[in-house]
S.K.: 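Input: one structure, supplied below.
Remember, it's 1-based here, ligands and their atoms both numbered in the order they're listed. Everything quoted here is computed from the prediction, not taken from an experiment.
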Amino acid sequence: MGHQDYPSLTLSSSHRQILGRQYLVTDPYTKDAVLIDTVLDYDPASGTLSTATADGILAFVRHHGFHVTKILETHAHADHLTASQYIKHHLPGDIPICIGERIAQVQKHFGPVYGLAPQNLSMSFDVFLKDDDVFMIGSLPVQVLHLPGHTPDHVGYLVGKSVFTGDSIFMPDLGSARADFPGGDARALYRSLQKLLSLPDDYEIFVGHDYPNGRDKNCATTVVEQREHNKHVKSGTTERDFVDFRTTRDKVLKAPRLIHPSLQVNVRAGRLPPPDPTTGLSYFRTPLYGALNI
Ligand SMILES: [Fe+2]
């Protein structure tokens, strides 16, 4: 079956920045649905949060009468803030927020950087998914695929012939995600990409980002297109070639602009830092590296 048989909706943030692909996947017969990688709008210069994009998703869900049963993350994103907690609190039922179980490694690394209490982190998500776990969206089985490399916790979701790959593989002309975040590993990423490329030819790959240059934005390809054309891992690319390329490339990439706000929210399943008792405002922390010689 093609994805017309397993309908999915892809949404880009309506904010000025292109923040990430968000997906709603539904069983059209039962109207059960999951949301994948929802996004809050955030302007770091003014410190302004907006739920405009998330409210659009909520309106769409309500309009179509979908019953969201799970809010899924592919990983703790470093370039946008998840709207999972907001979505959870604005839809009926206690919808579980789910992430790969290796989020614990990411929390262990970043918790101390931002002064986050370990007990709050371990309680933050509702479900920690194991590799190859299977759950249902109505009558559709979903398989959890561990796809480490970009981050250690990274998972994809295989639904019928559609796989939602987060930040692992990108559109063929863009190639692959970076692998230099803490716990990232170019070798592991190569193996994750091989796992995706070993799926049948006609399986559809829905990516987590798209940064087109000279073409329209897109979100989906097929496994065979990726095998034949992926800029970084098309057929015949050896692990050594990929790792050499990825490592060299990652050395010149800058940290994502929203890395610190994103991680402080995303390792806590979308919760904001508690407000300061004096001002009543929440603040993000930015660690300083380097020192003044005074
Ligand atoms: Fe990412």
Side-chain angles (χ1 to χ4, degrees), residues 10-13 15 17-23 35-42 44 53 71-84 97-107 109-110 113-114 124-125 129 144-157 163-171 174-193 195-196 205-212 217-220 230 232-233 242 246-247 249-270 284:
T10 179
L11 300 148
S12 265
S13 166
H15 206 248
Q17 307 133 26
I18 301 301
L19 294 176
R21 293 292 184 184
Q22 308 166 80
Y23 295 99
L35 288 163
I36 303 175
D37 287 342
T38 60
V39 176
L40 283 177
D41 306 305
Y42 175 61
T53 299
I71 299 166
L72 304 174
E73 303 286 356
T74 56
H75 62 299
H77 303 270
D79 48 5
H80 51 77
L81 284 61
T82 177
S84 55
I97 300 174
C98 314
I99 197 163
E101 63 179 346
R102 290 175 188 81
I103 186 64
Q105 293 177 34
V106 180
Q107 291 171 321
H109 179 88
F110 286 107
V113 173
Y114 301 117
S124 53
F125 291 87
L129 298 164
V144 177
L145 303 178
H146 186 215
L147 300 174
H150 175 63
T151 61
D153 60 318
H154 196 296
V155 296
Y157 299 101
V163 54
F164 298 85
T165 57
D167 299 352
S168 51
I169 205 162
F170 288 146
M171 296 298 286
L174 298 176
S176 63
R178 65 195 294 175
D180 60 332
F181 294 142
D185 181 338
R187 244 171 223 94
L189 181 59
Y190 179 83
R191 290 166 195 171
S192 294
L193 301 181
K195 188 190 272 192
L196 293 171
I205 286 180
F206 291 87
V207 301
H209 283 282
D210 194 30
Y211 315 99
K217 275 181 264 174
N218 201 345
C219 64
N230 187 284
H232 300 163
V233 280
F242 176 80
R246 194 66 266 172
T247 310
R249 171 82 182 129
D250 288 347
K251 279 188 183 135
V252 299
L253 294 178
K254 291 183 177 164
R257 202 163 62 100
L258 297 184
I259 187 169
H260 297 300
S262 299
L263 286 166
Q264 285 168 80
V265 169
N266 295 346
V267 298
R268 287 193 284 198
F284 289 124

S.K.: Please confirm whether H80 and H209 have ring centers closer than 6.0 angstrom.
M.R.: yes
S.K.: Considering the Fe ion (ligand 1), could you give the total of protein N/O/S atoms lying closer than 2.8 Å?
M.R.: 3
S.K.: Once you measure the plane-to-plane angle for F110 and Y114, does it fall in the parallel (<30°), tilted (30-60°) or perpendicular (>60°) bin?
M.R.: parallel
S.K.: Side chains of T53 and Q22: any donor to acceptor distance under 3.5 Å?
M.R.: no
S.K.: Determine whether the aromatic ring centres of residues F164 and F206 are separated by less than 6.0 angstrom.
M.R.: yes
S.K.: Quick one: pull up CG in L147 and CG in D153 and give me the separation to the nearest 0.5 Å.
M.R.: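 If I round to the nearest 0.5 Å, the distance is 11.0 Å.
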S.K.: Just by distance, with hydrogens left out, do H232 and R249 show a side-chain donor and acceptor under 3.5 Å apart?
M.R.: no
